[in-house]
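Worksheet: the structure to be examined is printed underneath.
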Amino acid sequence: MTTFPASSTRPQATSFDRLRVAGVAVSAIAAVALSFLGSGAVVGTPISEVADGALSADATAVAPGGPAFAIWSVIYAGLLALAVWQALPAHHADARQRALGWWIAASMLLNAAWILVVQLELLALSVAVIVALLAVLVRIFLGLTRTAPSSRVEAVVVDGTMFLYLGWVAVATVANTAAALRAADVDPFSLGADIWAVIVLVAVAAVSVLLAVAGHGRLAVAGAMAWGLVWIAVARSGDTGFTSTPAAVTAGAAAGVAVLSAVIVRLHTEAARRRRT
């Protein structure tokens, strides 16, 4: 069971704290507003149709199936909830937000920037942006896992949201990079789509294990990664579009590795905690 530290006398909020709170709130609104541009619901072009479908579900051997992107609704809802939570006066001087609030804001702005870059069909630049986003999310992940949330609400709204965000972006970074390479007609070492799919999906599985160990078995990260990997497997197993049995099998196995490694590490961590108490 996750333990929450007892509350103590709260430090006084400063003007810099209030500036950070406003920055996170504005960044969340910007990220959600730009998501409508990427969906094409109001203005803009749906991401799957940009650059002649370079980022569609059938564009590459590691592109997740269309339904996988429903996870963004959960992430955006979580980001808005996080913005509201940290804006409550009781949380203005929160130590974790003081350490990570600006990083969280940066992740939201990079998300918005990625959508703008993709709308401009700058796929190579989009890879740089999503890699930067992934790096920022890893920084947030390491910061959150080193300290305990003060309540179950914080554990869900802050930690849960950011861990889902990281897990999904880890998979999306691979898909984005593959799409940019395919659009540029680049095949490093001329290995072919199937072999590259297996290589990168094995790498994703390895990353999931590293994140499980570093995060003491955070299930939200593993769940988001498994979600994306399963939809890659589904998309590659269909009768239409880009089919690839090697990619489908490897993606399914990688999803299993992500979940299993997180569960094993979590059980080991809980057992070690019980032995200490």
Side-chain angles (χ1 to χ4, degrees), residues 38 45-66 68-69 71-72 75 106-107 109-139 141 164-211 221 224-236 241-244 246-255 257-258:
T45 304
I47 296 297
S48 61
E49 298 177 13
V50 168
D52 297 323
L55 295 167
S56 69
D58 294 321
T60 71
V62 292
F69 296 92
I71 195 173
W72 275 119
I75 293 171
S107 76
L109 294 177
L110 283 168
N111 186 322
W114 184 85
I115 292 174
L116 284 174
V117 166
V118 168
Q119 289 291 310
L120 295 173
E121 300 190 0
L122 301 174
L123 295 184
L125 182 57
S126 75
V127 174
V129 174
I130 201 169
V131 168
L133 172 57
L134 180 61
V136 168
L137 290 173
V138 169
R139 171 65 182 84
F141 169 77
L164 281 176
Y165 197 2
L166 169 60
W168 171 251
V169 169
V171 176
T173 299
V174 170
N176 192 171
T177 303
L181 290 173
R182 181 176 173 84
D185 197 25
V186 174
D187 178 6
F189 308 110
S190 300
L191 296 179
D194 285 348
I195 294 177
W196 272 119
V198 170
I199 291 173
V200 298
L201 291 170
V202 168
V204 171
V207 168
S208 74
V209 174
L210 291 175
L211 291 174
V221 179
M225 293 187 74
W227 171 264
L229 289 164
V230 165
W231 279 107
I232 291 174
V234 170
R236 300 293 76 76
F242 198 132
T243 60
S244 171
V249 172
T250 308
V257 168

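We number each residue from 1, following the sequence as shown.
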Distance (rounded to the nearest 0.5 Å) between [X] [atom1] and [Y] [atom2]:
{"X": "I130", "Y": "L110", "atom1": "CD1", "atom2": "CG", "result": "10.0 Å"}
{"X": "I232", "Y": "S244", "atom1": "CD1", "atom2": "OG", "result": "11.0 Å"}
{"X": "L134", "Y": "S107", "atom1": "CG", "atom2": "OG", "result": "11.5 Å"}
{"X": "D58", "Y": "T243", "atom1": "CG", "atom2": "OG1", "result": "9.5 Å"}
{"X": "L229", "Y": "T250", "atom1": "CG", "atom2": "OG1", "result": "10.5 Å"}
{"X": "L164", "Y": "L137", "atom1": "CG", "atom2": "CG", "result": "11.5 Å"}

(message) Do S48 and L55 make a side-chain contact, defined as non-hydrogen atoms from C-beta onward lying under 4.5 Å apart?
(response) no
Worksheet item: Do the ring centers of F69 and W227 come within less than 6.0 Å of each other?
Response: no
Closest non-hydrogen atom pair, [X] against [Y]:
{"X": "T45", "Y": "Q119", "answer": "O-NE2, 2.6 Å"}
{"X": "V204", "Y": "V174", "answer": "CG2-CG2, 3.5 Å"}
{"X": "W114", "Y": "N176", "answer": "NE1-OD1, 2.7 Å"}
{"X": "A193", "Y": "A61", "answer": "O-CB, 4.1 Å"}
{"X": "V117", "Y": "S126", "answer": "CG1-N, 3.5 Å"}
{"X": "S208", "Y": "V257", "answer": "OG-CG1, 4.0 Å"}

Taking [X] for its side chain and [Y] for its backbone only, find out whether a donor-acceptor pair lies under 3.5 Å.
{"X": "R236", "Y": "A251", "result": "no"}
{"X": "D187", "Y": "G192", "result": "yes"}
{"X": "W168", "Y": "I75", "result": "no"}
{"X": "Y165", "Y": "W72", "result": "no"}
{"X": "R182", "Y": "A54", "result": "no"}

Requested in this report: Could you walk me through whether L166 and L211 pass the side chain to side chain contact (heavy atoms under 4.5 Å, CB included) test, one step at a time?
Outcome: CA-CA 10 Å; L166 169 60; L211 291 174; 4.2 Å; yes
Practice task
Please test V118 against V129 for side chain to side chain contact (heavy atoms under 4.5 Å, CB included), starting from the C-alpha separation and ending with a verdict.
Solution key: CA-CA 10 Å; V118 168; V129 174; over 6 Å; no
Practice task
Show the numbers, then the answer: is there a side chain to side chain contact (heavy atoms under 4.5 Å, CB included) between V127 and V131?
Solution key: CA-CA 6 Å; V127 174; V131 168; 4.2 Å; yes
